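This report refers to the structure that appears directly beneath it.
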Amino acid sequence: MEHVLTLYNTLSREKELFIPLNSPHVGLYVCGPTVYGDPHLGHARPAVIFDLLFRYLQHLGYKVRYVRNITDVGHLENDADEGEDKIAQKARIEELEPMEVAQHYLDRYHHFIYTLNVKPPSIEPRASGHIIEQLGVIKRILDKGYAYESNGSIYFDVAKYNQKHHYGQLSGRVLDDLYSATRDLEGQSEKHNHFDFALWKKATPSHIMRWPSEYSDGFPGWHVECSAMSAKYLGETFDIHGGGLDLLFPHHECEIAQSVIAHGHTPAHYWMHNNMVTINGQKMGKSLGNFITLEEFFTGQHKLLEKAWSPMTIRFFMLQAHYRSTVDFSNEALLAAEKGLKRLTEAVSQLPKIKPGSITTFDLTSFKEKCYAALNDDLNSPILIAHLFEAVKVINGAVAGKESFKAEDLSQLSLLMHLFIEDILGLLPDTTSGQEHPKVLEGVIKLLINLRQEAKTRKDWTTADRIRNDLMELGVTLRDSKEGAEWDIE
RNA sequence: GGUCGGUUGGCCGAGUGGCUAGGCACUGGUCUGCAAAACCAGCUACGGCGGUUCGAAUCCGCCACCGACCUCCA
């Protein structure tokens, strides 16, 4: 099978044909969360986007090893380099063991992300479990002369690196510009230049998360964990490195610098960055405190939320925008996504009801090609969804007898719809509707529908409407059709 | 201040030199006892100014505004 998947590579700023280093194997590394708080809508974006990539690559027949790390150590609370790291600070506040905090939020992350029908990655390494590997990378950088020790801490020498390499090749920056971008923060004195970054930090006496090393009792800097773990599980060179656009600089730039020195080459061939979720036009994130957690979305318990939103609505909402565009949160937009998704999934559920005809009035081949073309064009999920809605129109038309399908085309269409919607986009039918109800409930509702039908037959509209309206109050929607009423529980 | 990106109809959101994005909302119609759903039709836009071109929302220049990054952030 010949694939023509193109992906936008941040490194070249162009869409490039995707050619794996060692087909059919594909190595994919994505920066995961720092587990010191509940996952919010912003965390869901890369999880869903790279889940789409993971699913599509697998569908194309690739054997994908998807590594998504967990940062549970090393992140400094602020760049006053004396600061505690995020996990440790949270632990002090909550009087918990740091690992207890990390575990707690990791569990919460898993729970809510998996609710969005995100597949588990192949490997989910934790930074705290790879101190040895990180020290190994640090050692190699020191041995090559591109890092220096200062008061027990180790810093990467960016200026020296930039003499032979381009620090800024990924983010499009020039080091000279960084010289002028002065931000005199506390605790910079250990560094030769403010843009040097920590590979290893000596722990202060009160710092709980610490590991012994030949330099000091301390902990690794943030950037080195990804270099160490990606190399360990995917090799020193692998196919795709992903993450949020906000990690482009400095995090990914630092990763490249570390790998170039430690391993002799850049780590990944393709760099993919998902854009941000915004709220009122601004990035949703920790810093601004304008985030809404996934739990709040699912329960509706947030002052900005008009109601609860289902996981699939959230997922569909994200997939309706291209991953490199920002996507703006609003109740109105979510409502539109909710209704659109319902239209999509209901059409699919109508498929078995279509009676095959002698001709097919829909160009299935073209439809299939267009769907693949959309995905192959840098994972253009909004275009794919637009094509799926074209099929929705035809399906509904067939149910109404205005369109027709031959039996084999009908099953083909059914396969394609399930493939794209469920397997690739990962949109599951709403679990609160469908046939998963107790038999007693089904029986009772059918009884009421029959009573209503009898009322309708004798033109007793009062009774008929009462049954329909009262059921509606209880969340049971009735829809009349020629074959009788259908029902659905909200 | 520097780097990068954006500005599309009532809302969300694709696209990219000529040809309908799509969804939601709204309006009219068909169907229905009424409603819902569905179907049909309508609403038809590309920040401003200049340039290139037979033709630009799409290419180029300038301007305005917004955002991301430059400090931890998905």
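Protein chains get the first letters and strands the later ones, always in sequence-line order, with residue 1 at the start of each. Only a predicted model underlies this, so the values are computations on that prediction, with no experimental measurement involved.
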Candidates B/rA74, B/rG33, B/rA14 - which lies nearest the side chain of A/S325 = B/rA14
request  = Identify the two heavy atoms, one from A/G27 and one from A/L234, that lie closest to each other, and give their separation to 0.1 Å.
outcome  = CA-CD2, 3.8 Å
message = Would A/K286 and A/Y36 count as a cation-pi pair here, with the cationic atom under 6.0 angstrom from the ring centre and within 45° of the axis?
response = yes
message = Side-chain N or O of A/T34 versus OP1/OP2 of B/rC72: is the shortest distance under 4.0 Å?
response = no
key: Donor/acceptor link under 3.5 angstrom from A/R173 side chain onto base of B/rC69   = yes
ask   = At under 4.0 Å between heavy atoms, what does A/G42 touch on the DNA or RNA strands: base, sugar-phosphate, or nothing?
value = base
key: Most 5' of A/R324 and A/D465 on RNA chain B, judged by nearest nucleotide   = A/R324
query = Considering only heavy atoms and no angle criterion, is a donor-acceptor pair shorter than 3.5 Å present between the side chain of A/N380 and the base of B/rG15?
reply = no
key: Worked verdict on A/E16 versus A/S12 for side-chain hydrogen bond (donor to acceptor under 3.5 Å, both in side chains)   = CA-CA 8 Å; A/E16 294 178 14; A/S12 65; 2.4 Å; yes
task = Hey, can you tell me if A/H273 and A/H252 have their rings parallel, tilted or perpendicular (30° and 60° cut-offs)?
result = tilted
Euclidean distance, atom CD1 of residue A/I467 to atom C1' of B/rC34 [Å, nearest integer] = 15 Å
ask   = How about A/E255 and A/H241: do any of their side-chain heavy atoms sit closer than 4.5 Å?
value = yes
inquiry  = Can you measure A/Y323 atom OH to B/rG13 atom C1' for me and round it to whole angstrom units?
reply    = 17 Å
inquiry  = Rounded to whole Å, how long is the line connecting atom CG of A/L427 with atom C1' of B/rG23?
reply    = 14 Å
query = Any Lys/Arg nitrogen of A/R452 or A/D480 sitting under 4.0 Å from an Asp/Glu carboxylate oxygen of the other?
reply = yes
side-chain N/O A/R343 vs B/rG23 OP1/OP2, d < 4.0 Å = yes
ask   = Are OP1 or OP2 of B/rC69 and a side-chain N or O of A/K283 less than 4.0 angstrom apart?
value = yes
message = Going by the rule side chain to side chain donor-acceptor pair (under 3.5 Å), which residues pair with A/S349 if we only count those two or more places apart in sequence or in a different chain?
response = none
Shortest side-chain distance from A/A386, nucleotide among B/rG22, B/rC72, B/rA14 = B/rG22
query = Hey, does the side chain of A/K339 come within less than 4.0 Å of B/rA25's phosphate (OP1/OP2), counting only N and O?
reply = yes
task = Would you please enumerate the stems RNA chain B participates in, each stem being three or more consecutive Watson-Crick or G-U wobble pairs with both distances under 3.5 Å?
result = B:1-7 with B:64-70, B:10-12 with B:22-24, B:26-30 with B:38-42, B:47-51 with B:59-63
query = Does A/N396 have a side-chain nitrogen or oxygen under 4.0 Å from the phosphate oxygens OP1 or OP2 of B/rC39?
reply = yes
request  = Tell me whether A/F389 is stacked on the nucleobase of B/rG23, counting only the six-membered base ring and applying the 5.5 Å and 30° thresholds.
outcome  = no
message = Expressed as a whole number of angstroms, how long is the span from A/L388:CG to B/rG22:P?
response = 14 Å
key: OP1 or OP2 of B/rG5 under 4.0 Å from side-chain N/O of A/N275   = no
request  = Would you mind reading off the distance between A/H43 atom NE2 and B/rC72 atom C1', rounded to a whole angstrom?
outcome  = 11 Å
ask   = When you match A/K459 and A/L247 each to their closest nucleotide on RNA chain B, which lands nearer the 5' end?
value = A/K459
message = Nearest whole Å is fine: how far is B/rA21 C1' from A/H387 NE2?
response = 9 Å
ask   = Within the side chain of A/N376, is there an N or O that forms a donor-acceptor pair under 3.5 Å with the backbone of A/Y372?
value = yes
query = Taking all atoms of both residues into account, what is the closest heavy-atom pair of A/A47 and A/Y109, and its distance?
reply = CB-OH, 4.2 Å
task = Mark up nucleotides 41-48 of chain B, 5' to 3', with B wherever a protein heavy atom is under 4.0 angstrom from a base atom, S wherever such an atom reaches only the sugar-phosphate, and - elsewhere.
result = --------
inquiry  = Taking donor-acceptor contacts at under 3.5 Å, does the side chain of A/R468 reach the base of B/rA35?
reply    = yes
request  = State whether A/D460 and A/K456 are salt-bridged, where the test is any N-O pair (Lys NZ or Arg NE/NH1/NH2 against Asp/Glu carboxylate O) under 4.0 Å.
outcome  = no
message = Less than 4.0 angstrom between a side-chain N/O of A/T477 and OP1 or OP2 of B/rA37, yes or no?
response = no
request  = Classify the side chain of A/S171 and the base of B/rC69 as holding, or not holding, a donor-acceptor pair under 3.5 Å.
outcome  = no
inquiry  = Between P on B/rA74 and CE on A/M276, what's the gap in Å once rounded to a whole number?
reply    = 9 Å
task = Please confirm whether any donor atom in the side chain of A/D480 sits under 3.5 Å from an acceptor in the base of B/rC34, or the reverse.
result = yes
ask   = Can a salt bridge be assigned to the pair A/D38 and A/R108 using a cut-off of 4.0 Å between side-chain N and carboxylate O?
value = yes
